[in-house]
Amino acid sequence: MVASLLMHITPNASGYFDNMWLWVADHMIDDPLLDDANNTMTQLSVYSARGLLVESRAATWLYGTAAEHNVLWQYSFYNASNIFTTMIQTETPYFQPNPARPAPFGTPFDPTGFRPEPAAFRGDAQVLLCDKPGKSLDDPSCDASSFAVMVWRCSNIFISGAGTYSWFHDYTQDCIDQHSCQKVLWNVQENYGAVRIQHIIGIGAENVLSSSGKPISAKENLATDKHPRWAQISVFEPLVDDLPAEDTRSLAGECSLDDMKLRSNVTMPEGKYFSASYFDPSIVPPSTEFYITIVNLTPYRFRFISYFKTRMKEFEFGTVPPGKALQNKVEFGDSSNGEANFEIEGTKKTFSVRSLIHNKDLHPFRTVFDLTGMGLGQREYANPRETSSITLVISGSEPFGYFSSLNLQQGNWMRSIYPVIRQRALRHVVMPGSHDAGMSTISSVWAGGAIAANTQNQGLNVHDQLRAGSRYFDMRIANFEDADKPDPRFWAAHVSDPFDRFVKGALGQTLESMVHETNTFMDENPGEVVIWWIQYMVNIKTSANARSWDRETMARFFTELEKLKYRCTGLKDVHVPFDTLPIRRFMDQNNGRGCVLLLVDRKAEEEQMDRTDSGIYLAANNVNRRDHWADEETTEALAREEIDAMKETPRAFNNTDDTFFIMQWLSSPHWAQSTLWGLDRYALFSVNPALYFSGFNAMSPASFPTVIMQDYLGLLAYGWERPMTRWPDDIGAELQVLAIALNLYMVSLNCQLVQGRHPYNRPRRLKVVDANATEWDKDEDEDYVYPVKPFQGIIYANGSVDDNPPPGFHLDRVAVFEDGTVFSNGTVLTEDRPNPEYNVLYEP
């Protein structure tokens, strides 16, 4: 084996190529004495996997080129556009079909999707179509020999003159005139228009060409009945595959560099971070200064068009470019209020942000997001303490529709965007993650010198973290067995160092409860991928040098893990990093119910890992992970370090620096400070809000995290007391919606990673199925959407919900503009006037 690929013209490349011969010296058939009984020479076979791969979408010319004797294909035009070729030539390897394609290279791709093993390339999944269900071995696309030319998912391609030859069958030539050297030379599938092939010559094959599974016979197109009995096709234009009309324009439904125009490249102001000094009023006196972050994950500008303010000290809003976030500032005066109005540029959609005071309320300062002008709902938030930020995330487009962080999206959010993410590598799917996921409570079983303020990391149990969108769980597991108090259970744990001489920390949920909650969620929400990254695995009551589990304890632990009903199995013989597999490999497991990927972070005693058949895998051997912990006390410092680490992980196909990157968006305050003020306050007032005005603005299609890991995931901040957790109305949807929108909007702009038109450039309507179905036809050519009705109700700050507010009702909009009200056009009222927009009805 000598080569994986001879030449690659990448999607962003273009060129002019003249008189180029890509040849593999794969034989010594020309030796006239090879068959002589006295000849001691042996036949030499040389194996190269692929010839010329053309993915270019810019203007590219190929004049007088050849590719010969490669195992899989000679030319592959895949997802290409704007290509002109003339006088191309190919030859099938002389040794084929012994061994049959793809040997000796092995299966070069995962048959569940396009994401291949290392050293494989896009389009490889189309090589072995006979591996797909329903394909007969008699299908012409199921050939044991190399394809001469593959043309897949292309547009605007002109091939003028091609000699494609199959001269041998296992080094013999009796097959030529019988057209039996191989089944088919050309494989043409799923193209989108403006593909034209002229003057094809075919020799030695039963069929010159197969188009969408329909063969064109060589015998029916003979140009001569003399040896070598070649066939000729003068003109061939493949039918455009059945796609929606809107998908047959421009680049014919494929990812386009023009989509980059959907996102602005402007640099946004960094925003103001909440300082821990505000926790102590003796250091910083209380103020009425608050911030409102608006995150725009649409292709349009959110243009700030007007405002009014009454007795507001500051009311500063601005336009938000597409793909960016802007932190806006408000500062209240006495009995003050204000309203900022935005339009979604180029559409008829509008939304408003209102700030006001409820003087007699425990939480007087309020923010209202009113999205009725977008056909969505309204939500009222009780502002946290000064300088902290409330966040609004909006995503979608006119063709696709809109959704926002006013409310949680459906529980199985991964399945809801399955058509978009199914082909993406696991590491290229953005997901929320839970830091110390099992520490949503402090158990009384062990007094380890810790309290909830400095050791509890979550406010929701595992089930509700899943409902709030989390898919990656940092599971730190310990047991609590000693001579004085034997306890067979396993626990979530958060300790200073599991191998300290004297361990300090606490226990949280039991493993049994976390398994049960995960099973319940997976029953309720089919199609999700949940990752448990399991650490510690120690006995916290034994001496430090004997703390690691023995084989018996590890086996007992694995038995408990096997109680997870929907484990990711069948990966034992996958010899590539799991993070490079397409996510559909996991989502489609268990008859479409998805699976839980169990990864044990154990650096020693690998011989104890004997449960791979049960779906329990050694993490270090199976995932290329970068788990970056900034270990900084302040939010600003952690933000800068995590952003720098993210930018060191460029996202590109076959990039060796691309990994399963975990952004640990959490601070590490000094233990005395966390004991005094609480990890929940650090997370909810300071760290989590900064993700949207700081971390998000640093993300791009080429630089984004796989996991965004947080403390107190899914909770909102309500003043100084512990966060309220009434489900679901007190739960924040910001991180769940951000993850969904990053997958739909941001990652879809990276044409090196994705296939298909940007989802926001096509309607969200093609095929509606039941989101809770466990089995359905998963034809790759269909798009699936779910009948999710946009939320059009109102969620109040106290958690109550009105699902059907009266038409024209706008929460906390003032009925009368008071004397002294200032408008953005410079007008200042000298008397009270009615608000003409008070009960306005917006167009749907």
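Hydrogens, waters and symmetry mates play no part in the numbers below; they use all other heavy atoms, side chains included.
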Tell me if a side-chain donor or acceptor on Gln589 pairs with a main-chain N or O of Thr569 at a distance below 3.5 Å. yes
Working for side-chain hydrogen bond (donor to acceptor under 3.5 Å, both in side chains), residues Trp671 and Ser496: CA-CA 10 Å; Trp671 69 269; Ser496 54; over 6 Å; no
Check Trp629 against Glu641 and note the closest heavy-atom contact, atom names and distance. O-OE2, 4.1 Å
Could you report the tightest heavy-atom contact between Leu507 and Ala493, atom names first, then the distance? CD2-CB, 3.9 Å
Would you say Glu633 and Gln673 are linked by a side-chain donor-acceptor pair, where the criterion is simply a distance under 3.5 Å? no
For the backbone of Leu564 and the side chain of Arg567, can you confirm whether one donor and one acceptor N or O come within less than 3.5 Å of each other? yes
Would you say Thr706 and Arg651 are linked by a side-chain donor-acceptor pair, where the criterion is simply a distance under 3.5 Å? yes
Do the non-hydrogen side-chain atoms of Leu561 and Ile534 ever get within less than 4.5 Å of each other? yes
So, Thr391 and Glu734: side-chain donor and acceptor under 3.5 Å apart, yes or no? no
What's the shortest heavy-atom distance between Ala468 and Gly714, and which atoms? CB-CA, 4.3 Å
Determine, step by step, whether Gln409 and Ser416 satisfy the side-chain contact (heavy atoms from CB on, under 4.5 Å) criterion, reporting the C-alpha distance in whole Å, the side-chain angles of both residues, the deciding distance to 0.1 Å, and the verdict. CA-CA 9 Å; Gln409 305 303 298; Ser416 75; over 6 Å; no
Which of Asp523, Thr520, Asn519 passes side chain to side chain donor-acceptor pair (under 3.5 Å) with Lys565? Answer is Asp523
Please step through side-chain contact (heavy atoms from CB on, under 4.5 Å) for the pair Phe558 and Val600, ending with a clear verdict. CA-CA 10 Å; Phe558 287 169; Val600 178; 4.2 Å; yes
Could I get the full list of side-chain hydrogen bond (donor to acceptor under 3.5 Å, both in side chains) partners for Asn743, not counting sequence neighbours? none
Rounded to the nearest 0.5 Å, what separation is found between the CG atom of Leu408 and the CD atom of Gln736? 5.0 Å
Ring-ring centroid check Phe557 Trp549, cutoff 6.0 Å: yes
Within a strict 4.5 Å, meaning less than it, do heavy atoms of the Asp474 and Asp627 side chains meet? no
If you define the side chain from C-beta out and look only at heavy atoms, does anything of Arg585 sit under 4.5 Å from Val574? yes
Are any side-chain N or O atoms of Arg547 and backbone N or O atoms of Pro498, one a donor and one an acceptor, separated by less than 3.5 Å? yes
Across all chains, not counting sequence neighbours, the salt bridge (charged side-chain N to carboxylate O under 4.0 Å, His left out) partners of Asp711 are none
Is a donor on one side and an acceptor on the other found under 3.5 Å between the side chain of Arg424 and the backbone of Val747? no
In Å, rounded to the nearest 0.5 Å, how long is the span from CG of Asn412 to CD1 of Ile417? 11.0 Å
Report, as yes or no, whether the 6.0 Å neighbourhood of atom NE2 on His628 holds more than 12 heavy atoms from other residues, nucleotides or ligands. yes
Tell me, with the steps shown, if Thr659 and Asn624 meet side-chain hydrogen bond (donor to acceptor under 3.5 Å, both in side chains). CA-CA 6 Å; Thr659 67; Asn624 288 330; over 6 Å; no
Output for pair (Leu581 CG, Asn622 CG), nearest 0.5 Å, gives 9.5 Å
Looking only at non-hydrogen atoms, find the nearest pair between Phe521 and Gly411 and report the distance. CZ-O, 3.7 Å
Taking Tyr692 for its side chain and Leu738 for its backbone only, find out whether a donor-acceptor pair lies under 3.5 Å. no
When you compare the side chain of Arg415 with that of Pro526, does any pair of heavy atoms fall below 4.5 Å? no
With a 4.5 Å cut-off on side-chain heavy atoms, are Gln458 and Asp436 touching? no
Can a donor-acceptor pair be found, under 3.5 Å and without considering hydrogens, that links the side chain of Glu632 to the backbone of Ala637? no
Using only atom types and a distance under 3.5 Å, with no angle test, would you say the side chain of Arg427 pairs donor to acceptor with the backbone of Val623? no
State, yes or no, whether a side-chain contact exists between Gln509 and Asn461 at a heavy-atom distance under 4.5 Å. yes
CD1 on Ile477 to CD on Glu560, rounded to 0.5 Å: 11.0 Å
Do Gln710 side-chain atoms and Pro432 backbone N/O form a donor-acceptor pair below 3.5 Å? no
Kindly write out the residues that satisfy ring-ring contact (aromatic ring centres under 6.0 Å, His included) with Tyr682, not counting sequence neighbours, or none if the list is empty. Phe279
Check the orientation of Tyr472 and Phe660. Use parallel for under 30°, tilted for 30 to 60°, and perpendicular for over 60°. tilted
Rounded to the nearest 0.5 Å, what separates atom CH2 in Trp532 from atom CG in Leu599? 12.0 Å
Is there a donor-acceptor pair under 3.5 Å between the side chain of Gln465 and the backbone N or O of Ala437? yes
Step-by-step side-chain contact (heavy atoms from CB on, under 4.5 Å) determination, Leu735 to Leu691: CA-CA 9 Å; Leu735 188 56; Leu691 171 68; 3.8 Å; yes
If you define the side chain from C-beta out and look only at heavy atoms, does anything of Arg625 sit under 4.5 Å from Asp579? no
Donor-acceptor pair between Asn454 and Thr675 side chains, under 3.5 angstrom: yes
Is the shortest heavy-atom distance from the side chain of Phe490 to the side chain of Met514 under 4.5 Å? no
Salt bridge (charged side-chain N to carboxylate O under 4.0 Å, His left out) with Glu528: which of Arg467, Arg593, Arg471? Arg471
Considering non-hydrogen atoms only, spot the tightest contact between Glu562 and Arg611 and give its length. OE2-NH1, 3.0 Å
Working to the nearest 0.5 Å, report the span between CG of Leu713 and CG of Leu715. 8.0 Å
Answer yes or no: is there a donor N or O on one side and an acceptor on the other, between the side chain of Asp550 and the main chain of Thr553, under 3.5 Å? yes
Between Pro705 and Met646, the two heavy atoms sitting closest are CD-SD, 3.6 Å
Is the ring pair Trp446/Phe480 parallel, tilted or perpendicular, if the boundaries are 30 and 60 degrees? tilted
For the ring pair Trp413 and Phe403, is the centre-to-centre distance below 6.0 Å? no
Apply side-chain contact (heavy atoms from CB on, under 4.5 Å) to the pair Leu571 and Leu597, showing each step before the final yes or no. CA-CA 10 Å; Leu571 303 176; Leu597 181 59; 4.1 Å; yes
